[in-house]
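Structure first, then comments.
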Amino acid sequence: MGLYDSILKPTLFQFDPEKAHEAAMSLLKSGLLKVKCFEHPALKQTVFGTTFANPLGLAAGFDKNAVALNQWHQLGFGFVEVGTITAKAQSGNKKPRLFRLPKDQALINRLGFNNDGARAIAMHIAESKPQIPLGINLGKSKVTPVEDAAKDYGVSYGLVHRYGNYFVINVSSPNTPGLRELQVRSHLAEIINTLKEIDSERPLLVKIAPDMDFGALDEIIGLVHETQIAGIVATNTTIGRAGLLTKVDETGGLSGKPLRNVANQFIRHLYLSCDKRVVLIGVGGIMNGDDLYDRIASGATLCQIYTGWVYGGP
C-alpha cells in the first residue's frame with residue numbers, strides 16, 4: 001500500500017469532496033507531490049504534430065483554471081486538459097455539488113462549469129511552462145442563450161487559441177441548462193465553423209455524451225468528417241444510474257467505474273465508423289492499467305482519467 005492509499009486518500013476522504021479537491025490542488029500547486037514516472041519508447045507517439053510521452057492524460061474538470069500546469073508532468077501524465085473554460089467567469093451551481101460513491105468507485109458532480117473565465121485563464125496559461133502537451137476544454141457560459149452559443153465559444157477560443165496543443169468543444173455536460181442541445185448537428189456545425197474562422201490551424205475535437213443513441217452519434221461523426229475537425233472525446237459523464245450499488249438521488253453527471261462499459265462501446269463504434277485520421281480520446285471509467293489497455297485496444301489513440309485518479313491516486 002502506497003502513501004496515497006495509506007495516508008493521503010483516507011485523510012482527503014474525511015472531507016467534503018469539493019474541499020478535498022481544493023486541498024489537493026493546493027498540494028499539487030506547491031510542487032511537493034511527485035512520483036517516479038514510468039517511461040518506455042513504445043508508449044511514445046506523435047498526435048496533433050506533438051509528441052506525447054505516454055497516452056494517459058488528466059481529464060478536464062480537475063485543473064479547471066490551469067493553475068497547476070507546471071506540475072502535472074511530475075505525476076506521470078502524458079498530457080493534461082484544462083477547463084472547462086467559459087467566456088464569462090462563473091461560480092457554478094449551488095453547493096454541495098460533488099458526491100463520492102465509494103462502493104461504486106464513482107463520483108456524481110453538478111459543478112456547472114465553475115471557472116475564472118477565459119480571459120483570466122488565458123493569463124494563467126501564458127504565465128505557465130507546461131512540460132507536457134496541453135488540451136483546452138471550452139464550454140458555454142450559463143447566462144448565454146443557446147442561439148448565441150457559437151459566439152460565446154468564439155470569445156473563449158479567441159482568448160486561448162494560441163496556447164493549446166488541441167481544443168475540445170464541450171457540448172455534453174449535463175450540468176449547464178441547454179448545453180446538450182448543442183450536440184444537434186446545426187448548432188454544433190455553427191460552433192465549429194465559428195472557431196475555424198478564428199483559427200483554422202489548431203486541432204479541434206468535440207466531446208460527446210454517453211446518453212445518446214448511435215443514430216445521433218452517427219450524425220456527429222458525419223459532421224466531424226464534413227468539417228474535417230481533428231477528433232472526438234468519448235465520453236462525458238452520464239445522467240444514467242443503472243446498476244449502482246449506492247442508493248442515491250443526487251442529480252448531475254456520474255463518472256467512474258459504472259461508465260466503463262458504455263464508454264468502451266462508444267469508442268468501438270467510433271473506431272469502426274470514423275475515418276482513420278480522426279483522433280479518438282477515450283475517457284470514462286478508466287480505473288487501472290487494464291482499463292487503459294482495453295480502451296486503446298478498442299480504438300482510442302489517447303485516454304484520460306479523473307475519477308480513477310481520485311480513487312487510485314498517483
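On a predicted model such as this, the values are computed, not experimentally measured, just so you know. One is the number of the first residue; the rest follow in order along the sequence.
For the residue pair Pro133 and Thr50, the shortest heavy atom distance occurs at CG-CG2, 3.6 Å. Counting all heavy atoms, side chain and backbone alike, Thr235 lies closest to Ala263 at OG1-CB, 4.1 Å. When all heavy atoms of Ala126 and Tyr163 are compared, the pair lying nearest together is CB-OH, 3.6 Å. Between Ser156 and Ile85, the closest heavy-atom pair is OG-O, 4.3 Å. The nearest pair of heavy atoms linking Ala87 to Ser141 is N-OG, 3.4 Å. Nearest heavy atoms, Ser172 versus Asn236: OG-ND2, 2.9 Å.
In this structure, the side chain of Arg268 does not engage the main chain of Ser298 through any donor-acceptor pair within 3.5 Å. A donor-acceptor pair is defined here as one N or O able to donate and one able to accept, closer than 3.5 Å; no such pair exists between the side chain of Lys36 and the backbone of Gly76. A donor-acceptor distance shorter than 3.5 angstrom exists from the side chain of Asp104 to the backbone of Thr246, with no hydrogens or angles considered. Using a distance-only test at 3.5 Å, with no hydrogens or angles considered, no donor-acceptor pair links the side chain of Arg97 to the main chain of Asn109. A distance-only check finds no donor-acceptor pair linking the side chain of Glu81 to the backbone of Phe79 [under 3.5 Å]. Under a 3.5 Å cut-off, the side chain of Arg295 and the backbone N or O of Gln304 do not form any donor-acceptor pair. The backbone N or O of Gly215 sits less than 3.5 Å from a side-chain atom of Asp213, completing a donor-acceptor pair. In this structure, Gln90 contributes its side chain and Gly112 its backbone to a donor-acceptor pair below 3.5 Å. Checked by atom type and distance alone, the side chain of His225 never pairs as donor or acceptor with a backbone atom of Cys274 at under 3.5 Å. Looking only at distances, no side-chain donor or acceptor of Asn165 sits under 3.5 Å from a matching main-chain atom of Gly135.
In the displayed structure, Arg119 atom CZ is contacted under 6.0 Å by at most 12 heavy atoms of other residues, nucleotides or ligands. Around atom CD of Glu39, no more than 12 heavy atoms belonging to other residues, nucleotides or ligands sit under 6.0 Å away. Heavy atoms of other residues, nucleotides or ligands lying less than 6.0 angstrom from NZ of Lys64 number more than 12. Heavy atoms from other residues, nucleotides or ligands lying under 6.0 Å from OH of Tyr4 number more than 12. Atom CZ of Phe15 is surrounded by 12 or fewer heavy atoms from other residues, nucleotides or ligands within 6.0 Å. With a 6.0 Å radius and a threshold of 12 heavy atoms from other residues, nucleotides or ligands, Lys247 has its NZ atom at or below the threshold.
Leu302 and Phe38 fall into different hydrophobic clusters, where Ile, Leu, Val, Met, Phe, Trp and Tyr are joined by side-chain heavy atoms under 4.5 Å apart, directly or via other members. Residue Leu244 is not grouped with residue Leu107 when hydrophobic side chains (ILVMFWY) are merged at heavy-atom distances under 4.5 angstrom, including chains of intermediate members. No continuous path of ILVMFWY side-chain contacts below 4.5 Å connects Val283 to Ile267, so the two sit in separate hydrophobic clusters. Hydrophobic clustering (ILVMFWY, side-chain heavy atoms < 4.5 Å, transitive): Val233 and Leu182 are in distinct clusters. Leu69 and Met123 fall into different hydrophobic clusters, where Ile, Leu, Val, Met, Phe, Trp and Tyr side chains are chained together by heavy-atom contacts under 4.5 Å.
By the 30° and 60° cut-offs, the orientation of the rings of His21 relative to Tyr306 is parallel.
Salt bridge annotation for Lys88-Asp152: absent, with no cationic side-chain nitrogen under 4.0 angstrom from a carboxylate oxygen. Asp148 and Lys151 are not joined by a salt bridge, as no carboxylate oxygen comes within less than 4.0 angstrom of a charged side-chain nitrogen. Residues Asp291 and Arg260 are paired through a salt bridge, judged by an N-O separation under 4.0 Å between the basic side chain and the carboxylate. Comment: Arg185 does not engage Glu190 in a salt bridge, judged by the lack of any side-chain N to carboxylate O separation of less than 4.0 angstrom.
The OG atom of Ser200 sits 12.5 Å away from atom CD of Gln228, with the distance rounded to the nearest 0.5 Å. With values rounded to the nearest 0.5 angstrom, Leu195 atom CG is found 5.0 Å from Ile169 atom CD1. Here Ile232 contributes atom CD1 and Leu280 contributes atom CG; the two are 6.0 Å apart, rounded to the nearest 0.5 Å. With rounding to the nearest 0.5 Å, the separation of CG in Leu159 from NE2 in His161 is 8.5 Å. Atom NZ of Lys140 sits about 11.0 Å away from atom NE2 of His187, to the nearest 0.5 Å. Residue Thr301 holds its OG1 atom at 8.0 Å from CZ of Phe48, rounded to the nearest 0.5 Å.
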Do Leu28 and Leu75 pass the side-chain contact (heavy atoms from CB on, under 4.5 Å) test, and can you show the C-alpha distance, the side-chain angles, and the key distance before you say yes or no?
-> CA-CA 9 Å; Leu28 289 161; Leu75 295 161; 3.2 Å; yes
Start with the C-alpha distance between Trp309 and Phe77, add both sets of side-chain angles, then the distance that settles ring pair (Phe, Tyr, Trp, His ring centres under 6.0 Å), and finish with yes or no.
-> CA-CA 11 Å; Trp309 202 58; Phe77 289 108; 5.4 Å; yes
Would you please test Lys9 and Leu12 for side-chain contact (heavy atoms from CB on, under 4.5 Å) and show each step?
-> CA-CA 5 Å; Lys9 181 179 171 183; Leu12 290 170; 5.8 Å; no
Kindly determine whether Tyr293 and Ile286 satisfy side-chain contact (heavy atoms from CB on, under 4.5 Å), including the steps that lead there.
-> CA-CA 9 Å; Tyr293 181 85; Ile286 296 174; over 6 Å; no
Applying side-chain contact (heavy atoms from CB on, under 4.5 Å), run through Leu204 and Lys196 and close with a yes or a no.
-> CA-CA 9 Å; Leu204 291 175; Lys196 290 182 79 171; 3.8 Å; yes
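Side chains of Leu111 and Glu18 form a contact here, defined as non-hydrogen atoms less than 4.5 Å apart. Side-chain contact between Asp63 and Met25 is present, with heavy atoms from C-beta onward closer than 4.5 Å. Within the 4.5 Å cutoff, the side chain of Ile121 has heavy atoms near those of the Ile125 side chain. A 4.5 Å side-chain heavy-atom check between Ser173 and Phe113 finds at least one atom pair inside the cut-off. Within the 4.5 Å cutoff, side-chain heavy atoms of Leu138 are placed close to those of Val160. Counting only heavy atoms from C-beta outward, the side chains of His124 and Asn65 approach each other to under 4.5 Å. Contact annotation: the side chain of Leu205 never approaches that of Ile229 to less than 4.5 Å [non-hydrogen atoms, C-beta and beyond]. Put simply, the side chain of Thr46 does not reach to within 4.5 Å of the side chain of Phe52, judged on heavy atoms.
Between Tyr311 and Phe13, the distance from one ring center to the other falls under 6.0 angstrom.
When only modelled atom types and interatomic distance are considered, Asp294 and Asn264 share no side-chain donor-acceptor pair under 3.5 Å. A donor-acceptor contact closer than 3.5 angstrom is absent between the side chains of Asn54 and His40. Defined by atom type and a distance below 3.5 Å, a donor-acceptor pair is present between the side-chain atoms of Asp211 and Thr238. Judged purely by distance below 3.5 Å, without hydrogens or angles, the side chains of Thr307 and Ser255 pair a donor atom with an acceptor atom. Asn170 and Thr84 share a side-chain donor-acceptor pair at under 3.5 Å.
The side chain to side chain donor-acceptor pair (under 3.5 Å) test with Thr86 singles out one residue from Asn114, Thr144, Asn115, Asp116, and that residue is Asn115.
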